[in-house]
Amino acid sequence: MERNEAIGRLQPLIGKDLVPLAADYGVTIWKDGKKNKGWAGHVVERHLGLPINSSRAPNFGSWELKVVPLKYLTSGKLTVKETMAITMIDPVEVKHKEFEDSHLFTKLRKMLVIARVFESQEDVHSVLHAISEFDLDNPDIRRQVKADYDLVRKVICVEGFSELSGKMGVLVQPRTKGPGHGSTSRAFYARAPFVKKMLGIV
DNA sequence: CTATGATCATCC
DNA sequence: GGATGATCATAG
(Lines give C-alpha, C1' and ligand atoms only; values in the text may rest on other atoms or scores of the structure.)
Protein backbone atom coordinates (compact mmCIF):
# COMPACT_ATOMS: atom_id res chain seq x y z
CA MET A 1 0.00 0.00 0.00
CA GLU A 2 1.27 3.44 -0.82
CA ARG A 3 1.43 6.15 1.76
CA ASN A 4 -1.15 8.27 -0.04
CA GLU A 5 -3.62 5.44 0.00
CA ALA A 6 -3.12 4.97 3.71
CA ILE A 7 -3.72 8.66 4.27
CA GLY A 8 -6.97 8.41 2.34
CA ARG A 9 -8.08 5.51 4.48
CA LEU A 10 -7.22 7.22 7.72
CA GLN A 11 -8.64 10.62 6.89
CA PRO A 12 -12.20 9.59 7.83
CA LEU A 13 -10.98 8.64 11.28
CA ILE A 14 -9.87 12.14 12.19
CA GLY A 15 -11.97 13.38 15.07
CA LYS A 16 -13.15 9.88 15.93
CA ASP A 17 -12.68 7.86 19.06
CA LEU A 18 -10.27 4.96 18.61
CA VAL A 19 -11.43 3.04 21.68
CA PRO A 20 -14.55 1.47 20.07
CA LEU A 21 -12.43 0.53 17.07
CA ALA A 22 -10.10 -1.45 19.29
CA ALA A 23 -13.06 -3.63 20.22
CA ASP A 24 -14.06 -4.02 16.56
CA TYR A 25 -10.60 -5.14 15.57
CA GLY A 26 -10.12 -7.38 18.57
CA VAL A 27 -7.25 -5.33 19.97
CA THR A 28 -6.63 -5.75 23.69
CA ILE A 29 -6.28 -2.54 25.69
CA TRP A 30 -6.42 -3.95 29.21
CA LYS A 31 -5.57 -7.37 30.53
CA ASP A 32 -5.35 -8.33 34.20
CA GLY A 33 -5.26 -4.68 35.13
CA LYS A 34 -2.33 -4.00 32.85
CA LYS A 35 -2.32 -1.96 29.70
CA ASN A 36 -1.33 -2.96 26.22
CA LYS A 37 0.69 0.16 25.48
CA GLY A 38 0.70 -0.45 21.79
CA TRP A 39 -3.07 -0.70 21.38
CA ALA A 40 -3.52 2.53 19.45
CA GLY A 41 -0.82 1.54 17.01
CA HIS A 42 -2.37 -1.89 16.55
CA VAL A 43 -5.80 -0.40 15.88
CA VAL A 44 -4.46 1.83 13.13
CA GLU A 45 -2.47 -1.00 11.59
CA ARG A 46 -5.48 -3.28 11.60
CA HIS A 47 -7.58 -0.54 10.06
CA LEU A 48 -5.13 -0.42 7.19
CA GLY A 49 -5.28 -4.18 6.87
CA LEU A 50 -1.76 -4.76 8.11
CA PRO A 51 -1.05 -8.07 9.83
CA ILE A 52 0.53 -7.55 13.23
CA ASN A 53 4.08 -8.83 13.25
CA SER A 54 7.44 -7.85 14.61
CA SER A 55 9.45 -7.34 11.47
CA ARG A 56 12.14 -4.78 11.87
CA ALA A 57 11.76 -3.40 8.37
CA PRO A 58 9.44 -0.42 7.80
CA ASN A 59 5.97 -1.94 8.09
CA PHE A 60 4.76 -0.92 4.65
CA GLY A 61 7.96 -1.63 2.81
CA SER A 62 8.91 1.90 1.91
CA TRP A 63 7.49 3.99 4.70
CA GLU A 64 6.88 3.82 8.41
CA LEU A 65 3.68 4.27 10.40
CA LYS A 66 3.75 5.73 13.88
CA VAL A 67 1.10 6.78 16.38
CA VAL A 68 2.01 9.33 18.99
CA PRO A 69 0.04 10.66 22.00
CA LEU A 70 -0.77 14.35 22.41
CA LYS A 71 -1.86 15.99 25.62
CA TYR A 72 -3.27 19.28 26.81
CA LEU A 73 -0.98 21.48 28.83
CA THR A 74 -2.37 23.22 31.88
CA SER A 75 -2.33 26.28 29.66
CA GLY A 76 -4.77 24.54 27.36
CA LYS A 77 -2.33 23.99 24.50
CA LEU A 78 -1.84 20.67 22.78
CA THR A 79 1.67 19.19 22.75
CA VAL A 80 3.52 15.94 22.28
CA LYS A 81 3.19 13.86 25.44
CA GLU A 82 5.97 11.38 24.89
CA THR A 83 9.08 10.67 22.93
CA MET A 84 8.57 8.28 20.04
CA ALA A 85 10.30 4.91 19.79
CA ILE A 86 11.75 4.55 16.30
CA THR A 87 13.70 1.31 16.04
CA MET A 88 15.97 -1.01 17.98
CA ILE A 89 19.70 -0.36 18.07
CA ASP A 90 21.71 -3.28 16.79
CA PRO A 91 25.26 -2.51 17.94
CA VAL A 92 26.82 -4.60 15.20
CA GLU A 93 24.84 -2.90 12.50
CA VAL A 94 25.31 0.60 13.84
CA LYS A 95 29.02 0.03 14.07
CA HIS A 96 29.34 -1.02 10.45
CA LYS A 97 26.79 1.13 8.69
CA GLU A 98 26.78 4.76 7.78
CA PHE A 99 23.75 6.79 8.77
CA GLU A 100 22.44 6.65 5.21
CA ASP A 101 22.39 2.84 5.35
CA SER A 102 20.89 2.51 8.81
CA HIS A 103 17.42 1.40 9.84
CA LEU A 104 17.11 4.73 11.58
CA PHE A 105 17.46 6.64 8.32
CA THR A 106 15.32 4.21 6.35
CA LYS A 107 12.45 4.72 8.74
CA LEU A 108 12.80 8.45 9.22
CA ARG A 109 13.11 9.36 5.58
CA LYS A 110 9.50 8.54 4.86
CA MET A 111 6.89 8.26 7.54
CA LEU A 112 3.28 8.84 8.43
CA VAL A 113 2.72 10.13 11.93
CA ILE A 114 -0.70 9.81 13.51
CA ALA A 115 -1.45 12.03 16.51
CA ARG A 116 -4.06 10.90 19.01
CA VAL A 117 -5.33 12.80 22.02
CA PHE A 118 -4.37 11.34 25.35
CA GLU A 119 -7.00 12.03 27.99
CA SER A 120 -6.06 9.79 30.84
CA GLN A 121 -4.20 6.59 31.53
CA GLU A 122 -7.51 4.77 31.49
CA ASP A 123 -7.96 5.60 27.79
CA VAL A 124 -11.73 5.84 28.11
CA HIS A 125 -11.69 7.90 24.95
CA SER A 126 -8.92 8.68 22.54
CA VAL A 127 -9.61 10.85 19.53
CA LEU A 128 -7.50 10.67 16.40
CA HIS A 129 -6.35 14.25 16.08
CA ALA A 130 -4.25 14.50 12.94
CA ILE A 131 -2.32 12.67 10.27
CA SER A 132 1.01 14.05 9.18
CA GLU A 133 3.49 13.06 6.53
CA PHE A 134 7.14 13.47 7.36
CA ASP A 135 10.25 13.07 5.26
CA LEU A 136 13.77 13.73 6.38
CA ASP A 137 14.20 16.43 3.79
CA ASN A 138 15.12 19.37 5.97
CA PRO A 139 18.95 19.72 5.71
CA ASP A 140 19.34 21.04 9.25
CA ILE A 141 17.28 18.30 10.82
CA ARG A 142 18.94 15.65 8.75
CA ARG A 143 22.39 16.85 9.72
CA GLN A 144 21.50 16.79 13.41
CA VAL A 145 19.98 13.31 13.25
CA LYS A 146 23.12 12.09 11.52
CA ALA A 147 25.23 13.72 14.23
CA ASP A 148 23.20 11.93 16.89
CA TYR A 149 23.62 8.65 15.05
CA ASP A 150 27.36 9.18 14.80
CA LEU A 151 27.53 9.94 18.50
CA VAL A 152 25.81 6.64 19.27
CA ARG A 153 28.26 4.88 16.98
CA LYS A 154 31.19 6.47 18.69
CA VAL A 155 29.97 5.57 22.16
CA ILE A 156 29.39 1.95 21.14
CA CYS A 157 32.87 1.69 19.64
CA VAL A 158 34.76 3.55 22.33
CA GLU A 159 32.85 2.91 25.54
CA GLY A 160 30.61 -0.01 24.69
CA PHE A 161 26.93 -0.62 24.05
CA SER A 162 26.06 -0.66 27.75
CA GLU A 163 27.22 2.93 28.18
CA LEU A 164 24.51 4.27 25.93
CA SER A 165 22.08 6.49 27.82
CA GLY A 166 18.98 8.51 27.16
CA LYS A 167 20.91 11.64 28.03
CA MET A 168 22.67 11.46 24.68
CA GLY A 169 21.47 12.86 21.43
CA VAL A 170 19.72 16.08 20.46
CA LEU A 171 16.87 15.00 18.19
CA VAL A 172 17.31 11.26 18.52
CA GLN A 173 18.33 9.54 21.73
CA PRO A 174 19.46 5.98 22.52
CA ARG A 175 17.24 4.66 25.30
CA THR A 176 16.43 1.37 26.99
CA LYS A 177 13.53 -0.50 25.47
CA GLY A 178 12.33 -4.03 25.55
CA PRO A 179 9.97 -6.44 27.32
CA GLY A 180 11.39 -5.25 30.61
CA HIS A 181 12.53 -7.38 33.51
CA GLY A 182 16.21 -7.01 33.00
CA SER A 183 16.27 -6.60 29.27
CA THR A 184 19.17 -4.41 28.24
CA SER A 185 18.27 -3.71 24.64
CA ARG A 186 18.11 -0.15 23.46
CA ALA A 187 16.29 1.75 20.78
CA PHE A 188 16.42 5.08 19.00
CA TYR A 189 13.78 7.50 20.25
CA ALA A 190 12.73 10.79 18.70
CA ARG A 191 12.71 13.48 21.38
CA ALA A 192 9.52 15.49 21.82
CA PRO A 193 10.69 18.63 19.98
CA PHE A 194 11.55 16.44 17.00
CA VAL A 195 8.13 14.80 17.08
CA LYS A 196 6.56 18.25 17.13
CA LYS A 197 8.42 19.16 13.97
CA MET A 198 7.12 16.01 12.33
CA LEU A 199 3.58 16.99 13.22
CA GLY A 200 4.16 20.55 12.17
CA ILE A 201 3.16 21.99 15.53
CA VAL A 202 6.76 23.02 16.18
C1' DC B 1 13.82 -14.52 24.28
C1' DT B 2 13.47 -10.36 21.44
C1' DA B 3 11.35 -8.05 17.80
C1' DT B 4 7.08 -5.05 17.05
C1' DG B 5 3.52 -1.68 18.68
C1' DA B 6 4.38 2.16 22.38
C1' DT B 7 3.36 4.22 27.29
C1' DC B 8 4.20 4.05 32.43
C1' DA B 9 6.81 5.29 36.74
C1' DT B 10 9.71 8.08 38.82
C1' DC B 11 13.32 11.48 39.30
C1' DC B 12 14.67 16.21 38.74
C1' DG C 1 6.51 19.72 32.97
C1' DG C 2 10.31 17.41 30.89
C1' DA C 3 13.62 13.74 30.87
C1' DT C 4 15.21 9.06 31.59
C1' DG C 5 14.89 4.23 32.45
C1' DA C 6 11.51 0.40 32.96
C1' DT C 7 7.69 -2.11 31.44
C1' DC C 8 3.13 -4.13 28.98
C1' DA C 9 0.61 -7.09 25.15
C1' DT C 10 1.41 -9.80 21.17
C1' DA C 11 3.79 -12.49 17.56
C1' DG C 12 7.59 -15.37 15.73
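A quick note: this is a predicted structure, and the numbers were derived from the prediction, not measured. Numbers restart at 1 for each chain; the letters A, B, ... are given by sequence-line order, proteins then strands.
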If only atom types and distance count, is the side chain of [X] paired as donor or acceptor with the main-chain N or O of [Y] below 3.5 Å?
| X | Y | answer |
| --- | --- | --- |
| Arg142(A) | Asp137(A) | no |
| Arg191(A) | Gly169(A) | yes |
| His42(A) | Thr28(A) | no |

Honestly, is Arg186(A) close enough over Phe161(A), meaning NZ or CZ under 6.0 Å from the six-membered ring centre and within 45° of the axis?
->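 Flagged: Arg186(A) positioned over aromatic ring of Phe161(A).
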May I ask you to say whether Asp140(A) pairs ionically with Lys197(A), meaning some side-chain N is under 4.0 Å from a carboxylate O?
->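 Judged by the 4.0 Å cut-off on N to carboxylate O distance, Asp140(A) and Lys197(A) do not form a salt bridge.
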Going by an N to O cut-off under 4.0 Å, is there a salt bridge joining Glu100(A) and Arg109(A)?
->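 No, this pair does not count.
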Please tabulate, for side-chain N and O atoms in residues 73-85 of chain A, each donor-acceptor pair with protein atoms closer than 3.5 Å (sequence neighbours left out).
from, atom 1, to, atom 2, distance (Å)
Thr83(A), OG1, Arg175(A), NH1, 2.9
Thr83(A), OG1, Arg175(A), NH2, 3.4

Using the side-chain heavy atoms of [X], tell me which of these nucleotides is nearest: [options].
| X | options | result |
| --- | --- | --- |
| Lys35(A) | dG1(C), dC8(B), dT10(C) | dC8(B) |
| Val67(A) | dT7(B), dA6(B), dA9(C) | dA6(B) |
| Met88(A) | dA3(B), dG2(C), dT7(B) | dA3(B) |

Starting at NZ of Lys177(A) and ending at C1' of dT7(C), how long is that distance when rounded to a whole Å?
->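 Distance, rounded to whole Å: 10 Å.
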Over how many whole Å does the gap from Arg46(A) atom CZ to dT10(C) atom P extend?
->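 Answer to the nearest Å: 11 Å.
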Between the base of [N] and the side chain of [X], is there a donor-acceptor distance below 3.5 Å?
| X | N | result |
| --- | --- | --- |
| Thr176(A) | dA6(C) | yes |
| Tyr189(A) | dA6(B) | yes |
| Lys37(A) | dT7(C) | yes |

What residues from [range] pass a heavy-atom cutoff of under 4.0 Å to DNA chain B?
| range | result |
| --- | --- |
| residues 160-174 of chain A | none |
| residues 89-99 of chain A | none |
| residues 74-84 of chain A | Lys81(A), Glu82(A), Thr83(A) |

Just verifying a value: how many Å separate [X] [atom1] and [Y] [atom2], rounded to the nearest 0.5 Å?
| X | Y | atom1 | atom2 | value |
| --- | --- | --- | --- | --- |
| Leu151(A) | Gln144(A) | CG | CD | 9.5 Å |
| Lys107(A) | Ile86(A) | NZ | CD1 | 9.0 Å |
| Ser132(A) | Lys196(A) | OG | NZ | 14.5 Å |

For salt bridge (Lys or Arg N to Asp or Glu O under 4.0 Å), just list the numbers for Asp123(A) and Arg116(A), CA-CA rounded to whole Å, side-chain angles, deciding distance to a tenth of an Å, and then say yes or no.
-> CA-CA 11 Å; Asp123(A) 271 323; Arg116(A) 74 183 183 93; 3.3 Å; yes
Phe194(A) versus Val170(A): any side-chain heavy-atom pair under 4.5 Å?
->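 Sidechains of Val170(A) and Phe194(A): no contact.
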Contacts of Asp17(A) that satisfy salt bridge (charged side-chain N to carboxylate O under 4.0 Å, His left out) - sequence neighbours left out =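 Checked Asp17(A) against salt bridge (charged side-chain N to carboxylate O under 4.0 Å, His left out); zero matches.
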Find every protein N or O atom lying less than 3.5 Å from an N or O atom of nucleotides 10-12 of chain B, and list the pairs.
none

